[in-house]
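Note sheet for the following structure.
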Amino acid sequence: MKRRLMCILLALMLIISMPFVAFASESDDTGSSGDVIIDDETENEGGDVDISDDGGNDNPDGSESDIQGDDEEVSTPGDGDSDNDKNTGEDTIKKVKIISISDNQTVYVGETATFTVEATGDDLHYTWEMKLTGSTYKAVGSSASYSVNVDSDKYDGAEIRCIVSNTVSSETTSAMTITVKEDAEEIKITTHPKSVSVESGKDFTLSAEGESNKGSVTYSWSYQKNGESQWRIPSESSSKTNKLTMTADPSLNGAVFRCKITGTDDDVFVYTKNATISVSMSIVILEQPGPKIVAQEGQPLNLVVTAGGENISYYWSYKDPKATDWILTGVKSNSITIDEVTAAMDGRAYRCKVYNSAGEVYTDEIKISVLSAAPRIISQSDVVQFVTVGDALSLFVKAEGKDLKYEWEYMLSDSNKWVSTKIKRSEFAEEIDDMFYNGAQFRCKITNEGGETLSQVISVTVSEAPITPCEDGAHVFTLWNVLSPATDKISGLAERTCDICGFSENNEIPAGTAADADLELLFSGEIIPSDEDNDVNDGGGIDPAMLIVAVMVLCAAGIVIILVLKKKNSESGFFDDDEEEDAPDIDDVSSEELSSDTNEFVFPGSTEFTEGNSVDGESQADKDDEMMTKVIPEIARTEFDDVSDFESTNAEVAEDIDDCESITTVIPVSEIEKMISEADNDSLSEE
């Protein structure tokens with residue numbers, strides 16, 4: 001039963017799926033435009049599959065679209081009817097890519113303009129097109145280059161381009177232009193320079209003429225000496241004209257000259273024919289040494305003459321201003337040297353005779369103008385100077401010469417610049433008030449019309465002035481200078497210095513002195529700080545030193561009182577031996593045994609004296625008249641056990657000191673405080 005159900009289900013599933021399979025098969029057979037078709041019949045032996053696009057790939061202009069990248073190859077199927085196509089696969093064609101083109105062309109009418117293009121790709125075809133000004137592009141060539149004969153100016157501004165193509169792509173170059181220039185410039189030489197013969201020292205002139213079909217021309221002369229290959233440019237201003245004028249000298253004998261004629265375009269020029277110069281060797285002065293020479297007194301002078309000719313000789317002579325005759329110097333060369341010019345030579349004239357067998361010539365007169373000699377230093381100050389503050393720095397320089405001018409300069413130790421002192425005489429003097437010039441250098445600059453002379457550099461060392469003590473202590477002090485101000489409890493310090501010798505002294509400012517107090521009056525004793533100002537213990541309690549003194553005075557007074565009382569008591573039998581032996585130790589006294597009501601210390605074992613009580617039938621008042629009934633605490637007693645500290649010259653006190661070690665009595669606290677206060681006052685009075 002189960003098997004039957006399974007079969008029925010499978011059958012139903014097949015029936016239901018059959019329409020869908022049929023629909024899918026129909027869609028594959030009749031796919032829409034642009035669908036990819038895979039045909040088993042187009043598969044070649046290598047297993048390649050032909051993938052085609054039924055939608056087409058043409059560009060709107062009719063050219064094939066580039067469906068690969070610039071560097072890709074395009075594959076085209078072979079002929080399906082050929083077995084060879086089926087066996088070798090598809091052909092691969094490279095796209096067109098333009099690499100370079102020609103530059104724009106500029107030509108004259110009658111010249112040829114050539115354009116080229118370089119491209120890559122297979123089966124390239126070239127189509128050159130030209131567009132004249134005002135027209136459209138027209139095909140003019142079909143090779144890799146194109147040349148056009150520019151026979152008129154109609155080609156001026158023409159544009160040339162090239163279309164490079166193959167079966168899979170094409171590219172067009174940018175436009176290249178043609179610029180037509182006017183007719184080429186031509187220069188025609190109408191006059192060439194001619195060779196000349198001239199005597200040495202004479203002027204000669206060479207001429208040249210030329211013209212250009214484009215306008216004016218320019219001229220430039222040059223020459224080449226005999227035996228040289230270098231062309232020289234004459235220094236004469238006429239070398240830039242069509243006529244060159246120069247003075248002949250023997251060095252120009254055999255030289256050739258030419259002229260360069262340039263048109264409106266600097267690149268268009270021509271040269272004339274060469275012209276040769278022949279110079280005869282007669283005497284000629286080529287270079288004069290004058291006419292006026294300025295010489296400096298004391299300096300040498302050299303005069304030179306240059307002449308042209310054959311077998312030339314020289315002879316120098318001179319004439320003083322007031323003389324009429326020329327005096328021969330004996331110098332027979334083309335130069336004369338004067339070792340040292342003197343003031344007497346001012347206005348003297350020199351000349352040189354140049355001669356040979358053909359004749360003689362004289363140079364121009366050379367007049368000498370003598371300047372005064374530069375200053376010459378004869379003596380000066382030592383180059384090392386020492387000076388003390390308060391003294392004067394004195395320097396001098398002595399020189400000889402005419403119309404001398406002086407100026408002193410200095411340079412500080414931390415500088416490299418000379419500064420004028422404004423002192424313009426041969427001597428320098430200045431009061432030294434400080435250390436400004438210490439390490440400085442000085443010099444004197446001396447000038448006249450003959451030049452400038454500097455003295456030797458002088459180094460200056462400045463030292464502080466020594467301190468001279470005031471005689472007999474007669475100081476002249478400055479005002480007091482507070483080094484540390486006084487406070488309420490701490491004294492301060494003031495200082496003053498003598499203006500003459502620099503001596504200084506200090507003085508103490510008492511504690512509590514006001515900051516604006518007149519120290520002169522204070523230290524002279526005319527004002528005294530108040531006790532209130534000088535009370536260093538104000539609010540601070542009793543001074544420890546005063547307290548010690550007070551205690552010592554109190555103890556000494558207590559001992560004396562005890563001795564007196566003991567003596568009186570022994571006479572009256574107030575204390576007996578038993579009572580002294582039974583006197584309790586101060587350590588056994590308890591706080592309860594101290595009576596706060598009576599403000600007294602009650603010592604156990606002794607009789608407590610209060611108002612109304614009596615001892616041996618005597619009232620308290622009577623006993624007070626006889627002695628002071630107080631208790632000196634055991635502390636006081638034990639404090640002065642070492643009786644050697646209080647040795648006295650009083651024989652009576654010394655005899656009874658040993659007996660006071662165990663004495664006890666009663667002293668009211670108020671009395672003790674009174675005694676301490678009195679002791680403090682006494683101590684302050686003594687201070």
Side-chain angles (χ1 to χ4, degrees), residues 289 292-303 318 320-323 327 329 331 335-350 366-468:
K292 186 175 182 179
I293 298 295
V294 177
Q296 186 172 358
E297 182 182 358
Q299 299 297 318
L301 176 64
N302 188 44
L303 303 176
Y318 72 90
D320 288 328
K322 297 181 180 180
I327 301 174
T329 63
V331 177
S335 65
I336 183 172
T337 300
I338 301 171
D339 295 333
E340 184 177 352
V341 177
T342 64
M345 295 180 181
D346 186 42
R348 176 179 290 184
Y350 284 82
I366 307 118
K367 185 173 287 187
I368 306 298
S369 177
V370 180
L371 296 177
S372 298
R376 188 172 69 88
I377 295 176
I378 300 174
S379 62
Q380 68 168 68
S381 298
D382 293 338
V383 295
V384 177
Q385 295 287 324
F386 296 92
V387 64
T388 303
V389 173
D391 294 340
L393 174 63
S394 297
L395 305 174
F396 78 93
V397 63
K398 185 177 181 181
E400 63 179 6
K402 184 179 180 181
D403 299 329
L404 300 181
K405 296 179 181 179
Y406 301 86
E407 183 177 10
W408 286 92
E409 299 175 328
Y410 71 91
M411 182 171 65
L412 298 179
S413 59
D414 57 351
S415 173
N416 58 357
K417 181 179 180 181
W418 288 98
V419 180
S420 174
T421 64
K422 308 301 183 183
I423 296 179
K424 299 181 180 296
R425 53 182 180 271
S426 61
E427 296 180 352
F428 172 89
E430 184 174 335
E431 190 76 18
I432 303 301
D433 298 327
D434 49 35
M435 301 293 290
F436 179 76
Y437 286 131
N438 185 36
Q441 295 179 328
F442 285 78
R443 71 181 183 185
C444 186
K445 181 170 63 176
I446 311 171
T447 58
N448 67 357
E449 65 175 3
E452 175 183 286
T453 302
L454 295 174
S455 69
Q456 288 183 292
V457 174
I458 302 170
S459 299
V460 176
T461 301
V462 181
S463 58
E464 296 284 358
I467 298 176
T468 303

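The basis for the numbers below is simple: all heavy atoms, side chains too, and nothing from hydrogens, waters or symmetry mates.
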Kindly list each side-chain donor-acceptor pair under 3.5 angstrom involving residues 337-344, sequence neighbours excluded, with atom names and distances?
residue: Thr337; atom: OG1; partner: Asn302; partner atom: OD1; Å: 2.8

Any side-chain heavy atom of Asp433 within less than 4.5 Å of one from Glu431? yes

Atom CD in Glu407, atom OG1 in Thr421: separation rounded to 0.5 Å? 7.0 Å

Could you tell me if the side chain of Lys424 sits less than 4.5 Å from the side chain of Lys405, heavy atoms only? no

Does the side chain of Tyr410 reach to within under 4.5 Å of the side chain of Phe436, using non-hydrogen atoms? yes

What donor-acceptor contacts under 3.5 angstrom involve side-chain atoms of residues 367-378, with partners at least two apart or in another chain?
residue: Ser372; atom: OG; partner: Glu449; partner atom: OE2; Å: 2.8
residue: Arg376; atom: NE; partner: Glu400; partner atom: OE2; Å: 2.6
residue: Arg376; atom: NH2; partner: Glu400; partner atom: OE2; Å: 2.0

Could you give the distance from OG (Ser459) to CD (Gln441), rounded to the nearest 0.5 Å? 4.5 Å

Between Asn448 and Lys402, what is the shortest heavy-atom contact and its length? ND2-O, 2.8 Å

Under 3.5 Å donor-acceptor, Gln380 side chain and Gln456 backbone: yes

With sequence neighbours excluded, residues passing side chain to side chain donor-acceptor pair (under 3.5 Å) with Gln296: none

How close do Val389 and Met435 get, heavy atom to heavy atom, and via which atoms? CG2-SD, 3.8 Å

For the student: nearest non-hydrogen atoms of Leu454 and Arg443, plus distance: CD1-NH1, 3.7 Å

Using 0.5 Å steps for rounding, measure from the OG1 atom of Thr461 to the CD atom of Gln385. 9.5 Å

Check: Ser381 side chain, Leu395 main-chain N or O, donor-acceptor pair, under 3.5 Å: no

Output the distance between atom CD1 (Ile293) and atom CG (Leu301), rounded to the nearest 0.5 Å. 6.5 Å

Can you sort out the partners of Asn438 under side chain to side chain donor-acceptor pair (under 3.5 Å), two or more places apart, ordered by chain and number? none

About how many Å separate CZ of Arg348 and NZ of Lys322, when rounded to the nearest 0.5 Å? 14.0 Å

Heavy atoms, side chains only, cut-off 4.5 Å: are Asp391 and Ile432 in contact? no

Within the structure provided, determine whether Cys444 and Phe396 are in side-chain contact (heavy-atom separation under 4.5 Å). no

Applying side-chain contact (heavy atoms from CB on, under 4.5 Å), can you list everything that pairs with Ser463, at least two apart in sequence or on another chain? Thr388

Side chains of Tyr437 and Val387: closer than 4.5 Å at any heavy-atom pair? no

Taking the side chain as every heavy atom from C-beta outward, state whether Tyr406 and Glu427 have any pair of such atoms under 4.5 Å apart. no

Contacts of Tyr350 meeting ring pair (Phe, Tyr, Trp, His ring centres under 6.0 Å) (sequence neighbours excluded), chain-then-number -> Tyr318

